[in-house]
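Heads up, the thing below is written out as structure tokens.
Keep in mind that this is a model prediction, so the values were computed, not measured. Just so we're on the same page: letters track the sequence lines, and every chain starts at 1.
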There are 2 protein chains.
Amino acid sequence: MSAERPTMEDVAARAGVSRALVSIVFRGTAGASERTRERVLAAAADLGYQPDRRASRLSRTRTRMLGVVFGVGHAFHGDLVDSLYAAAAVSDYEVVLSGVTPRRPEEEAVRALLGERCEGIVLVGSALPSTALAELAARLPTVSLLRDVRAEGVDVVRTDEAEGLRQAVAHLHGLGHRHIVHVDGGRAPGAARRRQGYRSAVRRLGLAASPLLPGGLTEEDGARAAGALLSLPPGERPTAVTAFNDRCALGLVDAVRRAGLKVPEGLSVVGFDDIRAASYAHIALTTIRQDADALGRLAIERAASRLDGGRPPGSPVVVAPALVVRATTGAHR
Amino acid sequence: MSAERPTMEDVAARAGVSRALVSIVFRGTAGASERTRERVLAAAADLGYQPDRRASRLSRTRTRMLGVVFGVGHAFHGDLVDSLYAAAAVSDYEVVLSGVTPRRPEEEAVRALLGERCEGIVLVGSALPSTALAELAARLPTVSLLRDVRAEGVDVVRTDEAEGLRQAVAHLHGLGHRHIVHVDGGRAPGAARRRQGYRSAVRRLGLAASPLLPGGLTEEDGARAAGALLSLPPGERPTAVTAFNDRCALGLVDAVRRAGLKVPEGLSVVGFDDIRAASYAHIALTTIRQDADALGRLAIERAASRLDGGRPPGSPVVVAPALVVRATTGAHR
DNA sequence: CTCCTCGACTAGAGCGCTCTAGTATCGAGC
DNA sequence: GCTCGATACTAGAGCGCTCTAGTCGAGGAG
């Protein structure tokens with residue numbers, strides 16, 4: 001149905017120049033006169049020529065490809081992928097996606113990228129054991145985005161979770177809340193730091209640290225935490241909650257409202273992430289915003305500086321979060 | 001930091017065989033004795049050799065790569081990507097993802113895939129003009145997944161939206177509802193067919209077709225539709241609603257509940273898609289399930305049959321949806 | 001003993017680019 | 001006139017695989 005795809009050779013013949021010149025024109029490097037450049041591009045357009053990246057990557061010494069492993073369908077990963085694409089373009093790197101899905105484990109996603117000869121790899125919210133990460137890092141520059149790991153050679157780029165929780169607690173404290181509970185994320189990436197941030201913030205304000213409420217990272221986990229919260233004797237019930245993340249907060253808000261408790265009048269709730277849904281007018285979740293743009297940019301820069309600058313490891317990059325006040329928090333009464 | 005990556009040549013030398021033999025072993029084709037096979041694999045393992053896919057693809061006549069363009073972060077697209085990965089593996093194709101994000105338009109995502117020399121391309125919920133799709137299809141097998149288009153050469157794989165709405169309306173009718181309103185999806189892919197499915201279903205049951213309520217594909221759109229619905233004079237207010245999709249339904253349910261209307265007692269709501277969140281216990285949305293597995297599988301099969309079987313176009317593939325009854329619908333009273 | 005067949009293995013020509021080391025041409029400087 | 005240095009362009013050797021067309025040797029049939 002379609003004729004053989006034209007190659008550089010065809011374009012060269014049509015433009016009456018050598019293949020090398022066509023290559024020069026398409027790579028945009030110096031060495032071709034303006035007239036020839038135009039002639040070549042015209043010939044290419046006539047033939048519908050498009051350079052073959054496979055061949056180009058094979059012959060180039062550098063592939064300038066950065067692999068990105070992410071959870072397909074994870075809202076926040078999506079925001080990060082957007083930012084990674086943008087940042088890579090700036091540094092003249094190319095992003096190659098490899099998705100993790102229920103049926104496609106992270107190991108396989110990584111293996112696929114290695115076969116492509118990516119020069120570096122960014123793992124978004126990786127769940128790989130740190131030994132596996134260290135092994136990876138021994139082969140090529142490896143950035144763990146979101147997840148904090150101590151693994152030889154692995155660069156970490158993450159949000160300052162503890163600081164985020166400090167801000168959340170301080171915000172609630174400023175509103176007059178004295179009984180604040182944290183809904184925990186369990187073993188999810190970042191959960192430990194948020195937990196710890198909550199505890200130290202509460203302590204510093206001279207409040208009593210309440211036992212954690214078991215939660216998780218989905219709406220369902222949040223709804224379950226709501227059940228636990230509502231079953232507490234009224235006297236022991238907190239007036240404010242910091243949730244592990246936005247989805248968890250959303251589920252919790254939804255469930256307590258259905259039980260007749262008003263938000264924020266009866267309970268103030270703060271999330272974490274600032275996923276898109278959090279900003280919807282009818283939800284208007286007060287939350288701790290993770291700076292997806294900065295996170296993505298720094299992850300790429302980190303990989304690029306290892307590749308280009310030969311700059312050595314360096315300590316984890318920690319991005320400051322920001323409190324976004326919306327409508328799920330209010331004065332204590 | 002790392003030595004040069006070993007090549008087939010190195011493995012061959014170490015195993016004391018020719019490069020061709022190593023290739024045979026790694027491709028798993030016949031022509032090597034069991035003993036040699038083991039020797040080669042051992043040598044490869046020693047060196048930490050991994051075949052270079054760029055080179056392999058370049059020399060192979062067929063790349064067996066299928067490009068997939070999808071919306072990063074779209075929950076349902078994520079489900080489809082999972083199924084596409086799985087189906088491609090079965091047909092021995094390789095999936096190459098190219099994400100669409102706020103800053104990376106679909107055109108660019110497609111261009112990237114063409115440069116990779118994908119043999120076929122699957123566009124999930126494409127928003128490209130049909131002329132652009134036809135142009136693409138002239139170059140390589142093109143499947144439009146979810147979106148129904150009439151474009152020369154483009155294979156369409158989609159859910160039977162009209163049938164879905166018929167089921168939704170029939171379900172509500174069976175519960176005694178006589179005043180059912182559809183919250184419209186506007187220009188979103190599939191919206192026209194759902195609209196039309198609603199109208200014909202209502203007509204067939206002898207009910208009056210109410211004017212559509214403008215909605216959209218996000219929770220926010222649903223919440224806005226709720227506002228419009230609540231502002232209707234009580235006598236004109238419907239007792240049941242079919243929403244364009246789950247997210248819209250979720251936003252609507254949330255908003256009407258907050259306004260004091262109980263679901264399903266005061267209003268029954270049916271969504272569309274059956275995204276993961278719909279099944280969460282605290283949400284339990286009655287919805288029309290799109291069969292992501294079948295959709296993905298058929299999309300791959302379609303592309304593969306064009307490529308392998310040379311089977312010609314064929315009519316659009318329409319997948320049956322299924323009603324999933326949960327807790328947002330109840331008997332009219 | 002010769003002719004065939006068959007399995008195991010190899011040589012070598014690509015695949016479509018990139019990039020180094022050139023050659024040709026031309027104007028300027030002495 | 002000759003050299004020099006640019007600038008514009010080309011030849012050709014890879015990059016690391018795949019795959020066709022072989023070679024080689026062992027065994028079976030006649």
Ignoring hydrogens and angles, does a donor from either the side chain of A:R62 or the base of C:dT18 sit under 3.5 Å from an acceptor on the other? no
Quickly work out the A:M65 CE to D:dC15 P distance and round it to whole Å. 18 Å
With respect to the phosphate group of D:dT18, does any side-chain polar atom (N or O) of B:R27 fall under 4.0 Å of OP1 or OP2? yes
For B:R297, is there an ion pair with B:E301 - N to carboxylate O distance below 4.0 angstrom? yes
Atom CD of B:E9 to atom P of C:dG12: distance rounded to whole Å? 13 Å
Cationic N near anionic O, under 4.0 Å, B:R62 to B:E119: yes
Between C:dC17, C:dG16, D:dC19, which one does the side chain of A:L58 approach most closely? C:dG16
OP1 or OP2 of D:dG16 sitting under 4.0 Å from any side-chain N/O of B:R53? no
On the nucleotide D:dG16, are OP1 or OP2 found under 4.0 Å from the side-chain N or O atoms that B:T7 carries? no
Specify the separation, in whole Å, of atom CE of A:M8 and atom P of D:dT10. 13 Å
Counting only side-chain nitrogens and oxygens, does B:S33 get under 4.0 Å of the OP1 or OP2 atom of C:dC9? yes
From the list D:dC9, C:dT10, C:dC17, which nucleotide is the closest neighbour of the side chain of B:I24? C:dT10
Thinking salt bridges, do A:R57 and B:E116 make one under a 4.0 Å N-O criterion? yes
Residues B:E94, B:R64: salt bridge by 4.0 Å N-O rule: no
Quick test of your reading of the model: are A:D82 and B:R104 salt-bridged, counting only N-O distances below 4.0 Å? no
Can you say whether a donor on the side chain of B:R19 sits under 3.5 Å from an acceptor on the base of D:dT18, or the other way round? yes
Separation of A:D52 atom CG from D:dC17 atom C1', in whole Å? 14 Å
How close do A:G99 and A:A109 get, counting heavy atoms only, and between which atoms? O-CB, 3.9 Å
Closest to the side chain of A:R60, out of D:dT10, C:dT18, D:dT18, is C:dT18
Let me know the distance between CZ of B:R5 and C1' of D:dC15, rounded to the nearest Å. 14 Å
Tell me: CZ of B:R35 to C1' of C:dC9, nearest whole Å? 14 Å
Can you measure A:L21 atom CG to D:dT7 atom C1' for me and round it to whole angstrom units? 12 Å
Side-chain atoms of B:A55 come closest, of C:dG16, C:dT10, D:dG16, to D:dG16
Check if the side chain of B:S59 and the base of D:dC17 share a donor-acceptor pair of N or O atoms closer than 3.5 Å. yes
Between C1' of C:dG16 and CD of A:Q50, the distance in whole Å: 14 Å
Between B:T36 and C:dA8, is there a side-chain N or O to OP1/OP2 distance below 4.0 Å? no
What contact category does B:A30 fall into here, base, sugar-phosphate, or nothing, at under 4.0 angstrom with non-hydrogen atoms? nothing
Are any of B:S23's side-chain N or O atoms less than 4.0 Å away from OP1 or OP2 of D:dT18? yes
